[in-house]
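Letters A, B, ... are given to chains in the order of the sequence lines, protein chains preceding strands, and every chain is numbered from 1.
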Protein chains: 2
Amino acid sequence: MVAGPLPAPSGPGKDRLRLWIRLLRASRTIEAELRERLKKDFNTTLPRFDVMAALYRAPEGMLMSDLSRFLLVSNGNVTGIVDRLVSEGLVARARRNGDRRTSMVRLTEEGTQAFAAIAAAHEGWIGELLGKVSEDDARRLTGMLTSFRSNWEGRE
Amino acid sequence: MVAGPLPAPSGPGKDRLRLWIRLLRASRTIEAELRERLKKDFNTTLPRFDVMAALYRAPEGMLMSDLSRFLLVSNGNVTGIVDRLVSEGLVARARRNGDRRTSMVRLTEEGTQAFAAIAAAHEGWIGELLGKVSEDDARRLTGMLTSFRSNWEGRE
DNA sequence: ATATAAAACTTTAAGCTTGAAATATCTTGT
DNA sequence: ACAAGATATTTCAAGCTTAAAGTTTTATAT
């Protein structure tokens with residue numbers, strides 16, 4: 001998936017293949033750097049950060065299924081990550097609905113404060129790591145990726 | 001990491017944060033689709049495909065350390081994936097160098113044929129999944145991502 | 001020569017990830 | 001009311017992933 005074009009691909013459609021390879025390498029490179037910094041500076045992980053970021057946006061809480069849909073990961077996956085966050089006191093489950101199948105998951109006070117600190121650092125890192133991309137290019141790129149994505153939303 | 005801008009981020013540097021989020025969501029969406037198709041149509045996985053793609057480009061073989069560097073994953077990780085590929089007869093290790101620490105890893109004949117079939121399908125999928133991106137935009141985007149990446153190459 | 005360091009790789013423990021199967025709960029049609 | 005189906009979540013097995021520690025081999029400096 002990260003194969004580079006040593007024998008540079010050419011022909012119809014090769015530009016898209018090349019784009020995909022670059023896209024993947026870029027995101028993996030950044031992801032690796034973020035993972036390392038999250039570990040070193042905050043002793044946490046990217047999946048934990050993802051979950052906390054989603055919950056931070058939803059103070060009233062989220063269902064497990066909402067979380068997994070939003071984060072684009074499987075539901076079984078979210079269970080494990082939330083389990084660990086709960087055991088660390090950063091997240092709480094509240095099974096107090098009318099519907100007893102669901103559990104409302106939200107950040108604890110401790111989790112909220114912890115996340116705020118991490119998020120501030122995170123935003124700085126992104127600014128640094130993408131520093132060479134002009135704000136103008138950033139907006140242009142974002143637009144392209146958005147239009148690409150809308151093509152994809154709501155498939156399957 | 002995939003947090004979307006519900007309370008749309010604004011302020012200095014927010015364009016880069018938004019770009020990163022879009023980048024990540026795009027690559028995860030495509031990756032998920034590829035993973036599913038690789039499983040369904042070829043009963044294989046993305047990591048296996050990555051390793052085989054790297055080896056396909058290097059008929060003479062690659063060292064384990066070259067593989068892990070190229071694929072941007074840890075060395076211990078590659079060991080496991082190659083182990084499984086070897087046990088399936090798709091890849092072979094040859095520890096026959098002057099340097100007896102290294103092992104030259106390469107595709108077997110069976111592995112080469114298997115990969116060729118998968119790669120053909122894969123290229124078609126990418127063309128389909130990125131179909132809405134014009135060849136022109138694809139080239140432009142690739143250029144931006146490349147220049148971004150060169151900013152990153154050879155850090156740490 | 002021989003200790004010391006460096007390099008290539010593997011092993012290990014912990015955590016992440018998926019897809020499928022299992023549980024529990026709710027909803028619907030009769 | 002009750003069976004049948006749909007939903008929400010967890011559990012499970014297998015595989016992926018990393019960082020750190022361990023092994024074997026090679027290179028280097030006395």
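- Residue-level contact check: A/Asn77 touches the bases, meaning some heavy atom is under 4.0 Å from a base atom.
- Using a 4.0 Å heavy-atom cutoff across all strands shown, A/Arg93 reaches sugar-phosphate atoms only and no base atom.
- In the set C/dT10, D/dT17, D/dG15, C/dT10 carries the atom at the smallest distance from any side-chain atom of B/Asn75.
- Taking atom CG of residue A/Leu34 and atom P of nucleotide C/dC16, one finds them 16 Å apart after rounding to whole Å.
- Rounded to whole Å, atom C1' of C/dT18 lies 19 Å from atom CZ of B/Phe49.
- Within the nucleic acid shown, A/Arg48 comes within 4.0 Å of sugar-phosphate atoms alone, with no base atom in reach, counting heavy atoms only.
- One finds no salt bridge joining A/Arg140 and B/Asp15 here, because no Lys/Arg side-chain nitrogen approaches an Asp/Glu carboxylate oxygen to under 4.0 Å.
- Remark: C1' of D/dG15 and CG of B/Leu46 are 13 Å apart, rounded to the nearest angstrom.
- Minimum atom distance to the side chain of A/Arg101 is reached by C/dT25, of the listed C/dT25, D/dC16, D/dT10.
- Between A/Val78 and A/Asp99, the residue anchored closer to the 5' end of DNA chain C is A/Val78, taking for each the nucleotide with the nearest heavy atom.
- The distance between atom CG of B/Leu38 and atom P of C/dT18, rounded to the nearest whole Å, is 15 Å.
- Checked against salt bridge (Lys or Arg N to Asp or Glu O under 4.0 Å), A/Arg101 has the following partners two or more places apart in sequence or in another chain: A/Asp99.
- Atom-to-atom, CD of A/Glu36 to P of D/dA19 comes out at 7 Å; the value is rounded to the nearest Å.
- Heavy atoms of B/Ser65 sit under 4.0 angstrom from primed sugar atoms or phosphate atoms, though from no base atom.
- Between C/dG15, D/dT9, D/dG15, one nucleotide has an atom nearer to the side chain of A/Thr102 than all others, and that is D/dT9.
- Note: CZ (A/Arg35) to P (D/dT18) measures 5 Å, nearest angstrom.
- Nearest-nucleotide assignment on DNA chain D puts the 5′-proximal partner with A/Met104, out of A/Met104 and A/Ala32.
- Nucleotide D/dT17 holds its C1' atom 13 Å from the CD atom of B/Glu31, rounded to whole Å.
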Check your understanding: Given A/Glu33 and A/Arg37, is the salt bridge (Lys or Arg N to Asp or Glu O under 4.0 Å) satisfied, shown in steps?
Key -> CA-CA 6 Å; A/Glu33 183 68 22; A/Arg37 295 186 184 196; 2.8 Å; yes
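- Listed nucleotides C/dT25, C/dC9, D/dT25 differ in distance to A/Arg100; the shortest reach to its side chain belongs to C/dT25.
- Of the side-chain N and O atoms in B/Arg84, none sit less than 4.0 angstrom from OP1 or OP2 of D/dG15.
- B/Glu110 pairs by the salt bridge (Lys or Arg N to Asp or Glu O under 4.0 Å) definition with nothing, not counting sequence neighbours.
- Looking at every heavy atom in both residues, A/Leu55 comes nearest to A/Val105 through CD2-O, 3.5 Å.
- Looking at the side chain of B/Met64, the nearest of the listed nucleotides D/dT9, C/dT17, C/dT10 is C/dT10.
- Side-chain proximity of B/Thr45 to the nucleotides D/dT26, C/dT11, D/dC16 is greatest for D/dC16.
- Rounded to the nearest 0.5 Å, atoms CZ (B/Arg16) and CG (A/Asp137) are 10.0 Å apart.
- The distance from atom CD1 of B/Ile81 to atom P of D/dA14 is 18 Å, rounded to the nearest whole Å.
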